[in-house]
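Accompanying notes for the structure given below.
Naming: A, B, ... by sequence-line order, numbering from 1 per chain. Heavy-atom basis, side chains included; hydrogens, waters and symmetry copies ignored.
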There are 4 protein chains.
Amino acid sequence: MIIELNMQSEEPIYTQLIHQVIEGIASGQLQPGEPLPSVRSMASDIGVNLHTVNKAYNLLKQGGFIQIHRQRGVVVDPDGVPAATDSDRARQQQQLRPIIAEAICRGMKEAELIHAVQSIYRNIVSGTKEREL
Amino acid sequence: MIIELNMQSEEPIYTQLIHQVIEGIASGQLQPGEPLPSVRSMASDIGVNLHTVNKAYNLLKQGGFIQIHRQRGVVVDPDGVPAATDSDRARQQQQLRPIIAEAICRGMKEAELIHAVQSIYRNIVSGTKEREL
Amino acid sequence: MIIELNMQSEEPIYTQLIHQVIEGIASGQLQPGEPLPSVRSMASDIGVNLHTVNKAYNLLKQGGFIQIHRQRGVVVDPDGVPAATDSDRARQQQQLRPIIAEAICRGMKEAELIHAVQSIYRNIVSGTKEREL
Amino acid sequence: MIIELNMQSEEPIYTQLIHQVIEGIASGQLQPGEPLPSVRSMASDIGVNLHTVNKAYNLLKQGGFIQIHRQRGVVVDPDGVPAATDSDRARQQQQLRPIIAEAICRGMKEAELIHAVQSIYRNIVSGTKEREL
DNA sequence: GTGGTCTAGACCACG
DNA sequence: GTGGTCTAGACCACT
């Protein structure tokens with residue numbers, strides 16, 4: 001899986017990494033049980049410090065996305081990511097709220113916004129197809 | 001309009017402030033042309049640093065939400081917020097993408113996600129009604 | 001509050017720090033809402049690196065023991081530590097189990113073991129008294 | 001005796017092994033003088049590295065739980081595990097202290113904690129019954 | 001001045 | 001070779 005980082009972005013590198021891995025899992029490019037590069041090799045692959053990757057991996061582990069095995073490296077959680085809890089949903093709403101509020105201010109209609117969400121949803125999921133070919 | 005800040009949140013205070021003002025405009029609680037408290041009084045009202053309010057106001061101005069007049073103070077942009085540009089939409093997608101990816105990982109279906117977005121959309125817009133009573 | 005670290009111990013410094021803070025809270029030496037030294041001052045006080053303290057503080061925050069405010073520093077959670085959840089109890093049992101098994105092997109009777117637990121419990125709680133004088 | 005390892009656990013495999021053997025002895029499932037599988041066969045049985053089993057056995061020997069004879073293999077110490085020394089008790093207290101402190105923080109009363117310890121104690125000891133049936 | 005992020009380089013426990 | 005821990009020193013965002 002290819003990781004693309006934007007070193008100029010305001011978004012911290014470790015969150016970019018987290019987002020890319022999550023999207024990889026969402027799209028099916030990363031299958032449950034599939035191994036991820038070791039902290040060190042990932043770090044050298046994408047040209048960042050080992051600690052930055054480590055932080056990302058640990059947060060992904062906390063979120064239930066991956067498992068970190070003692071000395072055998074990192075794998076996508078074989079049992080799949082745990083289903084959304086109430087606190088996940090609450091957090092999600094907190095994140096969505098300001099985005100939606102701005103959209104409303106800028107005149108986006110409900111249908112338009114939903115269409116945008118749909119497009120992104122399908123775009124992510126359709127990442128699977130590359131595998132299925 | 002009542003500003004509620006969460007001093008424990010990870011979200012910086014100035015962004016919380018920005019979000020609240022934007023949501024106020026989206027909901028109609030803040031009408032175009034309506035004056036906002038001066039930097040100074042807002043700061044003392046909500047008990048934060050002048051710089052913090054200043055930063056929030058400047059960014060809101062940059063986003064086209066408010067106007068800052070040297071002597072006349074701060075007002076919600078009387079011409080309404082400029083419609084979403086392509087760059088706005090691109091930014092919006094960047095923000096939505098990781099949220100949607102996580103939702104997919106956690107097993108949320110498209111319909112479920114759209115329903116969540118709809119609920120928030122309507123919840124914000126219906127903030128208007130408080131004024132209409 | 002005095003922090004005592006054993007640099008020779010096998011126990012990582014950051015966990016020692018965590019344990020000491022938790023015991024401080026348990027004993028009442030650290031009251032809810034009471035500020036803790038900043039990452040930097042704690043680090044220089046106890047002669048370790050700032051990152052080590054940072055890690056300890058972040059884990060304490062995760063456990064609900066302290067709050068880390070943006071730029072105002074670190075305080076003991078003013079609302080008190082959240083009550084034990086089922087997962088807390090499960091984890092506790094996992095920790096106790098091998099200790100108790102060894103005690104049994106070494107011939108400690110139930111009463112003796114319970115007495116040991118009681119002694120420690122009371123010894124920690126009675127740390128309060130220093131404040132009450 | 002059945003060894004169950006959790007390869008995902010944070011706890012090192014060799015300590016898990018140690019704990020299981022100790023609990024086996026505590027419960028009576030492993031009787032004094034009873035032979036344990038050789039390093040080699042234990043390793044292949046549970047699918048771990050030879051070194052890992054070796055380390056566990058050596059530490060168990062150090063703790064007085066087992067004897068390792070060059071040719072005759074590994075046996076549970078026929079004279080029983082040596083009674084707790086002062087240093088054993090001191091170590092035990094060091095281990096219990098942070099667990100108890102956390103319990104106090106999370107609002108567990110003395111009686112509740114003691115009850116938890118009792119339950120575990122009896123649960124381990126009653127492992128004997130399986131043999132007695 | 002506060003915590004957050006990132007880099008660089010080292011040693012250790014584990015398997 | 002793997003992740004975990006620790007140190008050292010730097011820059012940044014926030015208030």
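In this structure, L17(D) and I46(D) have side chains that are in contact, with non-hydrogen atoms separated by less than 4.5 Å. Two residues are said to be in side-chain contact when any heavy atoms from C-beta on lie closer than 4.5 Å; H19(D) and E11(D) meet this criterion. A 4.5 Å side-chain heavy-atom check between Q62(C) and Q62(A) finds at least one atom pair inside the cut-off. Annotation: side chain of H51(B) is not in contact with side chain of Y14(B) (no heavy-atom distance under 4.5 Å).
Backbone-only engagement by I13(B) is indicated by non-hydrogen atom pairs under 4.0 Å involving sugar-phosphate atoms exclusively. Looking at heavy-atom distances under 4.0 Å, Y57(C) makes no contact with the nucleic acid at all. Using a 4.0 Å heavy-atom criterion, one finds that V48(C) contacts the sugar-phosphate atoms exclusively. The residue N49(B) sits close only to the backbone: its heavy atoms come under 4.0 Å of sugar-phosphate atoms, none of a base.
For R40(C) against dG3(E), a side-chain-to-base donor-acceptor contact under 3.5 Å is present.
Regarding contacts with the backbone of dT7(E), a side-chain N or O of T52(A) is found under 4.0 angstrom from either OP1 or OP2. Applying the 4.0 Å criterion to OP1 and OP2 of dC6(E), one finds that Y14(A) has every side-chain N and O outside that range. For the OP1/OP2 pair of dG15(E) and a distance below 4.0 Å, the side-chain nitrogens and oxygens of K55(D) include no atom meeting the criterion.
Both R72(A) and H69(C) sit near DNA chain E, but only H69(C) has its closest nucleotide nearer the 5' end. DNA chain F is contacted by both H51(B) and H51(C); H51(C) maps to the nucleotide lying nearer its 5′ end (nearest heavy atom per residue). Nearest-nucleotide mapping onto DNA chain E: of E11(D) and V74(C), the residue sitting toward the 5' end is V74(C). Of the two residues near DNA chain F, N54(A) and E10(A), the one whose nearest nucleotide lies more 5' is N54(A).
Atom CD1 of I68(C) and atom CG of L36(C) lie 10.0 Å apart (nearest 0.5 Å). Interatomic distance, CD1 of I22(D) versus CZ of R97(C), reported as 13.0 Å (0.5 Å rounding).
Nucleotide dC14(F) has dG1(E) as its partner under the Watson-Crick or G-U criteria, with both atom distances under 3.5 Å.
I68(C) has its CD1 atom 11 Å from the C1' atom of dT2(E), to the nearest Å. Following rounding to the nearest Å, L17(A) (CG) and dT7(E) (C1') show an atom-to-atom distance of 15 Å. Counting to the nearest Å, the C1' atom of dG4(E) and the CD atom of Q16(A) are 15 Å from each other. L50(A) places its CG atom 13 Å from the C1' atom of dC6(F), with the value rounded to the nearest Å. Between M7(A) atom CE and dC12(F) atom P there is a gap of 14 Å when expressed in whole angstrom units. Between the CD1 atom of I46(C) and the C1' atom of dC6(F) there is a distance of 13 Å, given to the nearest Å. Across the protein-nucleic acid pair, Q8(A) atom CD and dT5(E) atom P stand 19 Å apart, rounded to whole Å.
Closest to the N58(C) side chain, of the nucleotides dG3(E), dG4(E), dC14(F), is dG4(E).
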